[in-house]
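Reviewing the structure listed below.
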Amino acid sequence: MQDRSSMTYFSEELLAWYRVQKRDLPWRRSRNPYYIWVSEIMLQQTRVETVKPYFERFVSLFPTVEALAEAPEETVLKAWEGLGYYSRARNLQSAAREVSERYGGQVPDDKERFAALKGVGPYTAGAVMSIAFNRREPAVDGNVMRVLSRYFCIEEDVAKGSTRAMMERLQYELIPEGEASDFNQAIMELGALVCTPKSPHCLTCPVMERCAGRLEGKEETLPIKTKAKPPRPEYRACALVVSEDGERVLLRKRPATGLLADMWELPHVEFAAAGWPAAMADAAVGEALSGWLQAELGGCAVVAPLAPAGIAEHTFSHIHWNLRVHRLAAGAAEGATLPAPYRWVDRAGMTVHPLPNVFVRLLKAEGFIPA
């Protein structure tokens, strides 16, 4: 049981600090629950400064739940391009369709109904209910767990569900009546700006005087969290094939399910899956990649190795791609009809085909996407 006076002090000082120091963020300029919902989905595993332009562009393209529900999925994915974790965008649109059909386009202000929507977990439900509707609901994310762990010197592993549940109960007790919206944003703000993961700025913290973690010299060792398993490395060869006239690039569409579903990419293949040793020399990789792609295209386009085009890397939550990129030349048959899922795409087409960020970077370097 936490000391009641320390809890009251924490809540009062935190709110006073927030009302002076809070950042001007685009989703804070209204209590529109749809906007707050979009922002919370975007902010999952993504920095605030990265999210701001994406949020403003997204709500200008899809200003209402109905607009998002009715948009083509490819348009939604293109608007999300570069944010990563694309299942967030698909789940958000799926949930918007349900809200449009079941609730007349109005985000439900009932936590159980909202939490039942696709892609809405306990944190998102609590954040939207508290910020948009001022409901006294906990919203425990990484920032909140770090602040509470340090202030109350909680040494339980925050990766455990039991610790999260305990912190949800604690946060609920800390929320002053009628102040849920500001309080939950305040504790997140403190974690983002002051009580940071490394080198916390204790001297500028509004609650430093009673921070048990600081008083015990544990502010830099808390919270305690078991390390996640590192992503599995994959070694891939990637084909950069430009048409003879230099105006188009060969792309393929990914399957409708799984990693990066329905997005477009440069053709690539894992070394092990193709039976090639990862230690192959560049020239041999180019030859093997050309042969693999020729088989993929079934003779509808002629490709031949030119030269290595560099390396690229991309990390997902569970996989780390190491890409060896090779330029391939397109022969005389490149105008033939390509088999699905391959397509020649010009510069204008790049503006409508959603691409994972690693391929956006490669195509920017080649001048097919504006830098």
Side-chain angles (χ1 to χ4, degrees), residues 77-78 81-84 86 231-255 259-260 263-316 319-336 338-371:
L77 291 176
K78 189 66 181 177
E81 185 180 272
L83 274 179
Y86 293 93
R232 179 183 78 252
E234 285 188 1
Y235 299 90
R236 293 177 168 269
C238 176
L240 178 61
V241 189
V242 180
S243 61
E244 283 189 302
D245 59 10
E247 295 299 317
R248 293 169 293 163
V249 174
L250 184 67
L251 298 183
R252 70 174 178 187
K253 192 173 187 179
R254 292 185 64 86
L259 182 69
L260 303 173
M263 299 194 74
W264 292 82
E265 64 184 0
L266 295 174
H268 57 99
V269 62
E270 187 180 1
F271 279 95
W276 314 336
M280 284 176 71
D282 280 336
V285 170
E287 289 288 348
L289 182 61
S290 174
W292 167 80
L293 185 56
Q294 192 70 55
E296 281 277 293
L297 299 175
C300 292
V302 178
V303 292
L306 286 177
I311 59 174
E313 295 183 49
H314 192 75
T315 302
F316 302 95
I319 300 172
H320 181 81
W321 278 356
N322 298 272
L323 299 171
R324 291 168 68 175
V325 186
H326 280 254
R327 289 188 178 87
L328 304 182
E334 58 98 340
L338 296 174
Y342 290 88
R343 180 180 298 177
W344 291 105
V345 178
D346 60 16
R347 287 172 175 79
M350 297 293 176
T351 64
V352 296
H353 288 68
L355 294 139
N357 205 33
V358 61
F359 301 111
V360 170
R361 294 197 303 270
L362 289 169
L363 289 165
K364 279 184 178 179
E366 295 296 319
F368 278 88
I369 295 177

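When a residue number appears, it is its place in the shown sequence, counting from 1.
You'll find the side chain of N322 stays beyond 4.5 Å of the side chain of I311, heavy atoms only. Here the side chains of M280 and E287 are not in contact, with every heavy-atom distance at 4.5 Å or above. Between W344 and V241 there is a side-chain heavy-atom pair separated by less than 4.5 Å. Annotation: side chain of K253 is not in contact with side chain of R343 (no heavy-atom distance under 4.5 Å). In this structure, I369 and L355 have side chains that are in contact, with non-hydrogen atoms separated by less than 4.5 Å.
Taking each heavy atom of V358 and A312 in turn, the nearest pair found is CG2-CB, 4.1 Å. Closest approach of E81 to Y86, counting heavy atoms only: CA-OH, 3.7 Å. Pairing each heavy atom of P339 with each of E296, the nearest pair is CG-O, 3.9 Å. When all heavy atoms of A330 and V242 are compared, the closest pair comes out as CB-O, 3.6 Å. Here the closest non-hydrogen pair linking E265 and W321 is OE1-CH2, 4.5 Å.
Rounding to the nearest 0.5 Å gives a distance of 9.0 Å between CG of N357 and CE of M263. Expressed to the nearest 0.5 Å, how far CZ of R324 lies from SG of C238 amounts to 12.5 Å. The line from CG of L297 to OH of Y342 is 6.0 Å long, rounded to the nearest 0.5 Å. For the atom pair CD (E366) and CZ (R361), the distance works out to 14.0 Å, reported to the nearest 0.5 Å. Atom CG of L289 sits about 12.0 Å away from atom CZ of R236, to the nearest 0.5 Å. D346 CG to T351 OG1: the interatomic distance, rounded to the nearest 0.5 Å, is 8.5 Å.
The aromatic ring centroids of F359 and H268 lie less than 6.0 Å from each other.
Checked against H320 for a side-chain hydrogen bond (donor to acceptor under 3.5 Å, both in side chains), the options H314, E234, E313 give a single hit: E313. Shown are L328, V345, L240, L338; of these, the side chain to side chain contact (heavy atoms under 4.5 Å, CB included) with L250 is made only by L338. No option in Y235, W292, W276 other than W276 meets the ring pair (Phe, Tyr, Trp, His ring centres under 6.0 Å) test with F271.
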